Amino acid sequence: MRIKVWITSTVIATIGVAAWAHTGATGVVLERMQGMSAMGESIKTLTPMMRGQVPYDADLVRREADAMVGHSGEQMARLFPEGSGGGVSKALPSVWEDSEQFAALAEDLKTAAEGLKLSAGNGLATAQSNDSGSMMGGTTGGMMGGGAASMMGGGMMGSNQVMTGEMFANMPADAAFTMVAQTCSACHQKFRKEDE
């Protein structure tokens, strides 16, 4: 649970700086900063809901997931053409040095965001705590304590096991949201300059 909160906090912390960082950006750099900000706003909107701090709204989850899908995958990768770093850009040279991994993470993000949309109707894990037939071992604690993190560390982001629509459709929305946040965090760690 702590990793989930830390990842979400890390992603949210970058949102506040993002608006300031857009000063002076033009062209493709501005376009990608706006896309990243839009996804950050989606994370910011959904975080209190995923923490159970505000009422759950499946339609809002679907809308925000759609927004993230629209800015991820190939749509995201195309906004990083060779030579578009430097200046106000937060992109590290590793974006171009390891472009295959960057593109893979962009696709992972799209898959996770699509999965979040598919899982929206399932609500939060706490609402499913009495469901002994859950997809990942029957208990919510097991799923959130290691299931989603294990899938990201060894599933979507690096192993041969590919998350399917059916897997997402059977998991709680907060587990899918954790996968979105973990993918954002993994990409930021390797490909984004830290804020000063």
Side-chain angles (χ1 to χ4, degrees), residues 1-51 64-116 148-159 163 174-196:
M1 185 67 160
R2 286 184 184 161
I3 193 167
K4 180 179 169 182
V5 172
W6 176 83
I7 290 168
T8 304
S9 298
T10 301
V11 172
I12 289 173
T14 63
I15 294 169
V17 179
W20 176 78
H22 292 184
T23 304
T26 60
V28 72
V29 174
L30 178 60
E31 189 178 347
R32 72 181 178 225
M33 286 179 160
Q34 290 170 335
M36 296 294 179
S37 290
M39 288 190 292
E41 285 297 320
S42 292
I43 295 286
K44 185 177 178 181
T45 297
L46 294 176
T47 296
M49 188 184 309
M50 297 301 161
R51 291 180 178 168
E64 296 301 332
D66 269 340
M68 289 186 276
V69 167
H71 292 289
S72 57
E74 174 58 31
Q75 174 66 18
M76 177 192 292
R78 76 169 184 79
L79 296 176
F80 289 85
E82 190 73 39
S84 64
V88 298
S89 174
K90 292 288 187 181
L92 289 171
S94 56
V95 169
W96 298 279
E97 293 164 0
D98 195 357
S99 60
E100 287 183 23
Q101 185 183 13
F102 179 76
L105 281 170
E107 284 302 319
D108 285 350
L109 178 58
K110 183 174 183 177
T111 299
E114 289 170 340
L116 177 59
S150 297
M151 282 188 290
M152 288 304 293
M156 275 181 57
M157 293 175 36
S159 89
M163 289 296 296
D174 49 343
F177 179 78
T178 297
M179 296 174 81
V180 168
Q182 286 176 335
T183 306
C184 291
S185 181
C187 192
H188 287 187
Q189 286 175 8
K190 181 162 185 178
F191 297 111
R192 185 182 186 277
K193 291 178 191 171
E194 288 189 31
D195 296 317
E196 298 161 3

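Please read all numbers here as calculations on a predicted model, not as lab measurements. Only this structure's heavy atoms are used, side chains among them; waters, hydrogens and symmetry mates stay out.
- Across every non-hydrogen atom of Ser72 and Ala106, the tightest pair is CB-O, 3.9 Å.
- Proximity of a side-chain donor or acceptor of Ser99 to a complementary backbone N or O of Val95 within less than 3.5 Å is not detected.
- Considering CD of Gln189 and SG of Cys184, their distance stands at 11.5 Å, rounded to 0.5 Å.
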Test log, rule side chain to side chain contact (heavy atoms under 4.5 Å, CB included), inputs Ser84 and Arg32
CA-CA 11 Å; Ser84 64; Arg32 72 181 178 225; 2.7 Å; yes
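- Using a 30° and 60° split on the angle between ring planes, Trp96 and Phe80 fall in the tilted class, from 30° to 60°.
- With values rounded to the nearest 0.5 angstrom, Gln101 atom CD is found 8.5 Å from Cys187 atom SG.
- Considering CD of Gln182 and CZ of Phe177, their distance stands at 11.0 Å, rounded to 0.5 Å.
- Separating the CD atom in Gln75 from the NZ atom in Lys110 is a distance of 9.0 Å, to the nearest 0.5 Å.
- A salt bridge links Asp98 with Lys190: at least one charged nitrogen is closer than 4.0 Å to a carboxylate oxygen.
- Within the 4.5 Å cutoff, no side-chain heavy atoms of His71 are placed close to those of Leu109.
- The shortest heavy-atom contact between Glu64 and Ser42 is OE1-OG, 2.6 Å.
- Counting only heavy atoms from C-beta outward, the side chains of Met68 and Val180 approach each other to under 4.5 Å.
- You'll find the side chain of Met36 reaches within 4.5 Å of the side chain of Met76, heavy atoms only.
- Taken from CE in Met50 to CG in Leu116, the straight-line distance is 5.5 Å, to the nearest 0.5 Å.
- The structure places CE of Met163 at 11.0 Å from CG of Asp108, a figure rounded to the nearest 0.5 Å.
- Contact annotation: the side chain of Met179 never approaches that of Asp174 to less than 4.5 Å [non-hydrogen atoms, C-beta and beyond].
- Between the side chain of Glu31 and the backbone N or O of Leu79, no donor-acceptor pair lies under 3.5 Å.
- Remark: side-chain polar atoms of Ser37 are paired, donor with acceptor, to backbone N or O of Met33 under 3.5 angstrom.
- Here the closest non-hydrogen pair linking Ala113 and Ala65 is O-CB, 3.4 Å.
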Could you give me the CA-CA distance, side-chain angles and deciding distance for Val28 and Arg78, then say whether side chain to side chain contact (heavy atoms under 4.5 Å, CB included) is met?
CA-CA 9 Å; Val28 72; Arg78 76 169 184 79; 5.7 Å; no
